[in-house]
Number of protein chains: 2
Amino acid sequence: MNINSQFVVATHIMALLAGHKLYMPEYTYVNSEMIAESVNTNPVVIRRILSKLRDADLVVSKSGPNGGSEIARQPSKIKLSEIYEAVDDKGTLFHMHYGQPNRFCLIGGHIQESLKETLENAEESVKKVLSKKSLLQIANDILERAGIDTVQPSEEISKKLRLMKQDYENSKLELQT
Amino acid sequence: MNINSQFVVATHIMALLAGHKLYMPEYTYVNSEMIAESVNTNPVVIRRILSKLRDADLVVSKSGPNGGSEIARQPSKIKLSEIYEAVDDKGTLFHMHYGQPNRFCLIGGHIQESLKETLENAEESVKKVLSKKSLLQIANDILERAGIDTVQPSEEISKKLRLMKQDYENSKLELQT
DNA sequence: CTTATTTGTAATTATAATTGTTACAGATTT
DNA sequence: AAATCTGTAACAATTATAATTACAAATAAG
């Protein structure tokens, strides 16, 4: 996973937590193992990303039985750019790391500084695009794609989601036997 | 080198060829070994990037003695976005490649499609920023940073550059002995 | 037309970055 | 006290990328 897939995984996590917050209020804390199964990876990988999301005040975690993580704010108030910035710890989408160019070379001696500003502008524009999309928009879009009409009363959505969750857990049990 | 450093290296190459085209017209073909020394890497690495630049009609290459590559168009007519697109063969700055998310999961099943559009918008905005900068602007900026006043007649610049080239080659000879 | 030079690319090795895994202390609930 | 879960370190495995070696094909110059 590079920065990009990390962003996608982080958004996956956030969307999952958003779903719980919005439609399963009795179960807002989701543990890393559940998330890992959803993403199809290892719980520690998830916890590492959660750690970054926590630093960015996007989630809150709790240890102990029935612990896990929950979303820290309303999904409508969370912009994708915040998720992006949370996982982008290097600070540069365009990370320049080719070994020192020849110092005698006219071009090599200055190209990095010369490109720096342009690349920073590029990254800014990426963040701007991402800031125009909220987590709620993504969550609703996902539900729609899953065939769930988000215009209907949320209680009905909750029921459907609980049913799907049940289905999933049953199928897991079948796999084990 | 990732896509980003490849872009930086490709721009380095282009700026070098631009310099030769603009100020050393008697020597527009530069071979991969020279370029490699300037970038401080292996000639084959350079030839691979040149190959992409060639596919994008940004350079022309010639084999045999005194061969090498030259810039295919006026630096003022080349936008950085063209260089970016030339090396970005995967087509996506935000390449999603985390293993299949759990198909039973509501989120995992749809998040990739859901994010796709936003990520494509982000990449478009990057290209737009890069399209606003020409290779000539970069080349001039580099020369200025190197202390060469690009407002003076180009013949004087040519002299200075030839002198610097000489210096560089002398220093190489010294290193060998 | 032979020799030297340079490209173009395949094949391989080396290196670096990332992910996955194991392990365990610390926190929290029951 | 026992069980569950987080947080993180340490290490192994995997993957991606770059570097290197090698050599056929093209071209230029004598």
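Atoms considered below: every heavy atom in the structure, side chains included; atoms not considered: hydrogens, waters and symmetry mates.
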Residue pair B/Leu50 / B/Ile35, side-chain heavy-atom distance below 4.5 Å
yes

Does one side chain, of A/Ser125 or B/Ser125, offer a donor that lies under 3.5 Å from an acceptor on the other?
yes

I need the CG-P distance between B/Asn42 and C/dT7, as an integer number of Å.
12 Å

A/Leu50 atom CG is separated from D/dT8 atom P, nearest whole Å, by 11 Å

When you check the phosphate oxygens OP1 and OP2 of C/dT9, does a side-chain N or O of B/Ser51 lie under 4.0 Å from one of them?
yes

Using a heavy-atom distance cut-off of less than 4.0 Å, which residues of residues 15-32 of chain B contact DNA chain C?
B/Asn31, B/Ser32

Within this structure, what is the CD-to-P distance between A/Glu33 and D/dC5, rounded to whole angstrom?
8 Å

Test item: B/Thr28 side-chain N/O and B/His20 main-chain N/O as donor-acceptor pair under 3.5 Å
no

Counting N and O atoms only, with roles assigned by atom type, does the side chain of B/Thr11 sit under 3.5 Å from a partner on the main chain of B/Phe7, one being a donor and the other an acceptor?
yes

Can you sort out the partners of B/Lys160 under salt bridge (Lys or Arg N to Asp or Glu O under 4.0 Å), two or more places apart, ordered by chain and number?
none

For B/Arg48 and D/dT21, what is the distance between atoms CZ and P respectively, to the nearest whole Å?
13 Å

Between A/Glu37 (CD) and D/dC5 (P), how many Å, whole number?
12 Å

Give, ordered by number, those residues of residues 66-73 of chain B having at least one heavy-atom distance below 4.0 Å to an atom of DNA chain C; if nothing qualifies, reply none.
B/Asn66, B/Gly67, B/Gly68

Taking everything shown except B/Glu117 itself, do over 12 heavy atoms lie less than 6.0 Å from its CD?
no

Which residues share a salt bridge (Lys or Arg N to Asp or Glu O under 4.0 Å) with B/Arg73, sequence neighbours left out:
B/Glu82

Test side-chain hydrogen bond (donor to acceptor under 3.5 Å, both in side chains) applied to B/Arg162 - qualifying residues, sequence neighbours left out:
B/Glu26

Quick check against the 3.5 Å criterion: does A/Ser158 have a side-chain atom that pairs as donor or acceptor with the backbone of A/Ser154?
yes

So, OP1 or OP2 of C/dT7: does either fall under 4.0 Å of a side-chain N or O from B/Arg47?
yes

Let's see if you get this right: which residues in residues 54-64 of chain A place a heavy atom under 4.0 Å from DNA chain D?
A/Arg54, A/Ser61, A/Lys62, A/Ser63, A/Gly64

Enter the distance from B/Asp88:CG to B/Glu123:CD here, rounded to the nearest 0.5 Å.
5.0 Å

So do B/Leu106 and A/Leu143 actually touch side chain to side chain, heavy atoms under 4.5 Å?
yes

Starting at CD1 of B/Ile46 and ending at C1' of C/dG8, how long is that distance when rounded to a whole Å?
14 Å

